Amino acid sequence: MPDEVDIAPQRTRNRWGEGERLRVEILDAASQLLSELGAADGLTIRGVARGVGIAPASIYRHFTDRAALVRGLLEHEFARLRSLMLTADEHCDPEDVVGRVRAQMHAYCAFAVAHPGHYRLMLSNGASRPGPEERPEGPLMEVVETLVAAFTRCAEAGHELRVPGRRAAEIVFVGAHGHVALVHSLPSRTGAQNIKAFVDDLIALVFA
């Protein structure tokens, strides 16, 4: 049977003005498909369309091609990650500034371990350097800046750091990323259950 007549689940048509709802549904379907595939290589317009229950042409109204869809998915997933980290922060005692750092990193690592395909895509496409002498920028760097602000807040509250706040954030971020990568590479994700303890130990090392 030709691809053009792939059977997709029926979907209720959006009313006028509900285009943004469809865009979100497309991104949610792309996210689900990425979870199933484990990598972005097999992510296609047609596969996402099947997941939403629409014709591929409907996706092109929101994303001009696969590259645009992947960029949209990146923005979608980074927004989800930032929301998870913010929620974790907000559930802590505002005065417990060190606990807030731990909570943010726990949320970050939980997302990374649970969504290896998303995480690989985000890490490989989340930052770029405008020029050789310029600082990298992009949604991944926004996550790092969130940690910089969190460690700076700790120092301002009287928790002495062994290194400046930015370096502390970089050390913790890179260390956590390395542990997540190790978990992803091992059978049955060995070590995932200990990742919170690892993060707590890592954060403790940057304080004097």
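Heads up: numbering here begins at 1 and tracks the sequence. This structure is a prediction, so every number in the text was calculated from the model and none was measured.
A salt bridge links R166 to E145: one of the charged nitrogens lies within less than 4.0 Å of a carboxylate oxygen. Ion pair R21/E25 flagged as a salt bridge, since at least one NZ, NE, NH1 or NH2 atom sits closer than 4.0 Å to an Asp/Glu carboxylate oxygen. The pair R120-D41 fails the salt-bridge criterion, with no side-chain N (NZ, NE, NH1 or NH2) lying under 4.0 Å from an Asp/Glu carboxylate O.
Looking at V52 and L22, their side chains come closer than 4.5 Å, going by heavy atoms from C-beta outward. No side-chain heavy atom of M105 sits under 4.5 Å from any side-chain heavy atom of K196. Within the 4.5 Å cutoff, the side chain of L81 has heavy atoms near those of the M122 side chain. Side-chain atoms of V48 and L27, non-hydrogen and from C-beta on, never get closer than 4.5 Å to each other.
Looking at D89, its side chain never comes within 3.5 Å of a backbone N or O of M85 through a donor-acceptor pair. A distance-only check finds no donor-acceptor pair linking the side chain of R162 to the backbone of V206 [under 3.5 Å]. Without hydrogens or angle criteria, H159 side chain to A155 main chain gives no donor-acceptor distance under 3.5 Å.
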How far apart are the C-alpha atoms of L43 and L121, what are their side-chain angles, what is the distance that settles it, and do they pass the side-chain contact (heavy atoms from CB on, under 4.5 Å) test? CA-CA 11 Å; L43 193 66; L121 178 66; 5.7 Å; no
Start with the C-alpha gap between V199 and H179, add the side-chain angles, then the distance that decides, and say whether side-chain contact (heavy atoms from CB on, under 4.5 Å) holds. CA-CA 9 Å; V199 166; H179 192 76; over 6 Å; no
task = Run the numbers on L205 and D201 for side-chain contact (heavy atoms from CB on, under 4.5 Å), then give the verdict.
result = CA-CA 6 Å; L205 290 174; D201 289 343; 5.7 Å; no
inquiry  = Determine whether R153 and V101 satisfy the following criterion, side-chain contact (heavy atoms from CB on, under 4.5 Å), listing intermediate values before the conclusion.
reply    = CA-CA 10 Å; R153 188 165 54 224; V101 177; 5.6 Å; no
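Minimum heavy-atom separation, S58 to I54: CB-CD1, 3.8 Å. For A112 against H184, the heavy-atom pair with the smallest separation is O-NE2, 2.9 Å. Here the closest heavy-atom approach between residue I59 and residue A49 is recorded as CD1-N, 3.5 Å. V172 approaches L202 most closely through the heavy-atom pair O-CD2, 3.4 Å. Across all non-hydrogen atoms, the minimal contact from C109 to V180 is SG-CG2, 4.2 Å. Heavy-atom minimum distance, A168 versus L161: CB-CD2, 4.4 Å.
For the pairing with S31, the side-chain hydrogen bond (donor to acceptor under 3.5 Å, both in side chains) check across H115, H76, E77 returns one residue only, E77.
Taking the six-membered ring for Trp and thresholds of 30 and 60 degrees, F111 and H118 have ring planes more than 60 degrees apart, a perpendicular arrangement. Using cut-offs of 30° and 60° for the angle between ring planes, the Y119 and Y108 rings count as perpendicular.
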